[in-house]
There are 2 protein chains.
Amino acid sequence: MSSAAKTLALLSHFTDLRPEIGLSQLCRLAGRDKATTYRHVQALEEAGFVEQNPATKRYRLGPAFLQLARTRERTVPRKAGVEAPLHMLAEATGETAHVAVLSGTTLYALHQLESVKHSTRVLIDVNTFPLHATASGLCALAFGPTELLDLASKTMPRFTPETITTPDALEGEIAVTRQRGFAQSSGGYEHDVHSMSAPIFDQTDLFAGTVSVACVATRVTPELARIIYEHLVLASRGITYNWGGSVPDIIEAAWAGSLTGTEALEPMT
Amino acid sequence: MSSAAKTLALLSHFTDLRPEIGLSQLCRLAGRDKATTYRHVQALEEAGFVEQNPATKRYRLGPAFLQLARTRERTVPRKAGVEAPLHMLAEATGETAHVAVLSGTTLYALHQLESVKHSTRVLIDVNTFPLHATASGLCALAFGPTELLDLASKTMPRFTPETITTPDALEGEIAVTRQRGFAQSSGGYEHDVHSMSAPIFDQTDLFAGTVSVACVATRVTPELARIIYEHLVLASRGITYNWGGSVPDIIEAAWAGSLTGTEALEPMT
DNA sequence: TGTATCGGTTCATATATTGAACCATTGGTT
DNA sequence: AACCAATGGTTCAATATATGAACCGATACA
């Protein structure tokens, strides 16, 4: 591990819950000698990445981040971070992968990618996703702001015989979704489409959108569903990271519960 | 210079105007060997501070900044209270308004806003402001901690023919700044830029940063200068209040003196 | 075809990093 | 008031780690 890497690793110990860290505490957290940690912190302070609170002598994140975060946002639009995970998702599942973003109370299609594996594939041809009738929508209802549910309950147009059209049924499905960490919709919007969806979070750590796989319904098997779930987890982690967020512990726990039996899944980078 | 410091210094080369940098170009900018630069960039990439654009192979700032900037702002709220006063300042003057914060002995760019009034406008494209060559820097020297002057006097690189490069001239300018309550710099850093700057104070009632207006030099008239001064006062009071501080009486008195007499408002000759 | 870039890799050299032991202060306990 | 256990910060010999010239393969260009 390079000296620079050790230095950078120090920054990861500063969080919302522990925004100020003294030298000794930082040593313990980093598991490194005090002199070493001190020099590393000096380098960080020099560059504006940490600053010392004059009152407490403890260190906190510095002002340089604001400027650099601004440049990052200007450089990389949100869509750019979605391309690679979606590609992997579509490849691994052989189905259509897509991402939607929540803006206000509407889920907008942001990007989609079709796998070339099969000659039949699902094409997403809507700009916005109905909340009650799609896996993405259920995901938003389960993990997004609560006002979405009030709005969705008001009008639930029927698209297919499978569409959920009663508030009770909707709430039941949302409960299952919360417990699982994924949403699922079989033919609720378009007849032959089976969809699975996981939430994405941004730098506010709030629900920001969904990543989904839309399958031709006749191809769905338990094995494929499992593969899709596993890769949805990876894609969600990857996109969430790229958008500057972190997956809430409660979601990770739900995923772990749904995927028991598989080895630990590494985040996508 | 430590290896970590060299690594961190690489990040300062990424700006809005140069958001993506290839390995070779980064070597030249950093003035360092390619292998060294490569390893440093690797360490940065590992930590999420840069990422490689797969298409161009060039590097750009990474997603880690979004999270860290958010934590910084939650720890030390600075940016939140700056938006509104800057907006008013930019609107009222028709020029570019910006805020810098002092951390240690360095002035970091915090936020900026360009007025849409004119088709030509000043773009702030630096992360840190040189103390001797900018209005913000002069402001820090005049109203900030005394050790800044020792530091600034040591190295005063010349950026333009107008740059102050002798300690005597610098001290003279600082004296004028103290007396006026504003700093002023005409083309000292970039040739066609005329800048005016007022200090900001935080909850310790010590100098915490600057609020400035950067004008296209050819547009500066005594009338515009007066408007800028008046609105700088308002912006400084507003931001100082928001940061939990209060403007020292001595500064208020200096402002009052500057804004009654007309001669003090004349631009630098 | 030859040349000049580019991103990335290797390896001997020597320079910069390391941590135990050491201060000087501070704040709480007896 | 003396004591103790923290804290932030410093020193120096030992050595682990960073360094850069030279190299590689790929690409672009003329």
Side-chain angles (χ1 to χ4, degrees), chain A residues 1-15 17-62 75-76 80 83-84 269, chain B residues 1-15 17-62 75-76 103-106 145 147 150-151 204 206:
Chain A
M1 197 181 200
S2 74
S3 161
K6 286 176 223 160
T7 304
L8 293 169
L10 291 180
L11 293 170
S12 66
H13 295 108
F14 294 89
T15 64
L17 287 99
R18 202 199 303 109
E20 274 196 12
I21 310 179
L23 179 59
S24 298
Q25 195 183 357
L26 197 52
C27 296
R28 287 191 293 272
L29 287 168
R32 225 162 287 282
D33 185 82
K34 195 166 48 159
T36 301
T37 307
Y38 180 65
R39 279 188 303 269
H40 289 172
V41 164
Q42 290 288 314
L44 289 171
E45 189 168 25
E46 191 80 17
F49 289 102
V50 303
E51 66 181 13
Q52 197 168 25
N53 184 339
T56 63
K57 290 268 188 182
R58 297 197 297 182
Y59 297 91
R60 62 189 179 203
L61 294 177
T75 308
V76 185
E83 192 80 39
T269 50
Chain B
M1 194 184 203
S2 74
S3 161
K6 287 176 222 160
T7 304
L8 292 169
L10 290 180
L11 292 170
S12 66
H13 295 108
F14 295 89
T15 65
L17 293 172
R18 202 200 303 110
E20 273 196 12
I21 309 179
L23 179 59
S24 297
Q25 196 183 355
L26 197 53
C27 295
R28 287 191 293 271
L29 288 168
R32 227 162 286 282
D33 184 83
K34 193 165 49 158
T36 300
T37 306
Y38 180 65
R39 280 188 302 270
H40 289 173
V41 164
Q42 289 288 314
L44 289 171
E45 190 168 26
E46 191 80 16
F49 288 99
V50 302
E51 65 181 13
Q52 198 170 24
N53 183 340
T56 63
K57 291 269 187 180
R58 297 197 296 182
Y59 297 91
R60 62 190 179 204
L61 294 177
T75 310
V76 186
S103 178
T105 56
T106 309
E147 66 257 37
D150 306 331
L151 195 91
T204 65
L206 296 176

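Reminder, nothing fancy here: chain letters follow the sequence lines and each chain counts from 1.
- Using a 4.5 Å heavy-atom cutoff, the side chains of A:Y59 and A:L44 are not in contact.
- You'll find the side chain of A:V76 reaches within 4.5 Å of the side chain of B:E51, heavy atoms only.
- Between the C1' atom of C:dC6 and the NZ atom of B:K34 lies a distance of 7 Å, rounded to the nearest Å.
- Under the ring pair (Phe, Tyr, Trp, His ring centres under 6.0 Å) criterion, B:F49 pairs with B:F65, not counting sequence neighbours.
- Between A:I21 and B:S3, the residue whose closest nucleotide on DNA chain D is further toward the 5' end is A:I21.
- Taking atom CZ of residue B:R39 and atom P of nucleotide C:dT17, one finds them 13 Å apart after rounding to whole Å.
- Residue A:Q52 is classed as a sugar-phosphate contact, given heavy-atom separations below 4.0 Å to backbone atoms only.
- We find that CZ of A:R58 is positioned 15 Å from C1' of C:dT26, with the value rounded to whole Å.
- Here the closest heavy-atom approach between residue A:T15 and residue A:S12 is recorded as CG2-O, 4.2 Å.
- Note on A:K57: every side-chain N or O is 4.0 Å or more away from OP1 and OP2 of C:dT25.
- The phosphate of C:dG7 has OP1 or OP2 within less than 4.0 Å of a side-chain N or O from B:S24.
- Residue A:H40 places no side-chain N or O under 4.0 Å from the OP1 or OP2 atom of C:dT17.
- Side-chain contact between A:H40 and A:S3: present, with at least one pair of heavy atoms (C-beta onward) separated by less than 4.5 Å.
- For DNA chain D, the span of nucleotides reached by chain A at under 4.0 Å from its heavy atoms goes, 5' to 3', from D:dT7 to D:dA18.
- Residue order along DNA chain D, read from the 5' end via each residue's closest nucleotide, puts A:R28 first among A:R28 and A:A4.
- One interatomic measurement links the two molecules: OH of A:Y38 to P of C:dA20, which rounds to 19 Å at whole-angstrom precision.
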Name every donor-acceptor pair, under 3.5 Å, that has one atom in a side chain of residues 28-36 of chain A and the other anywhere in the protein, sequence neighbours excluded.
{"residue": "A:D33", "atom": "OD2", "partner": "A:A35", "partner atom": "N", "Å": "2.7"}

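- Of all heavy-atom pairs between A:V50 and A:V41, the closest is CG2-O, 3.9 Å.
- Whole-Å rounding puts the A:D33 CG to C:dT17 C1' distance at 11 Å.
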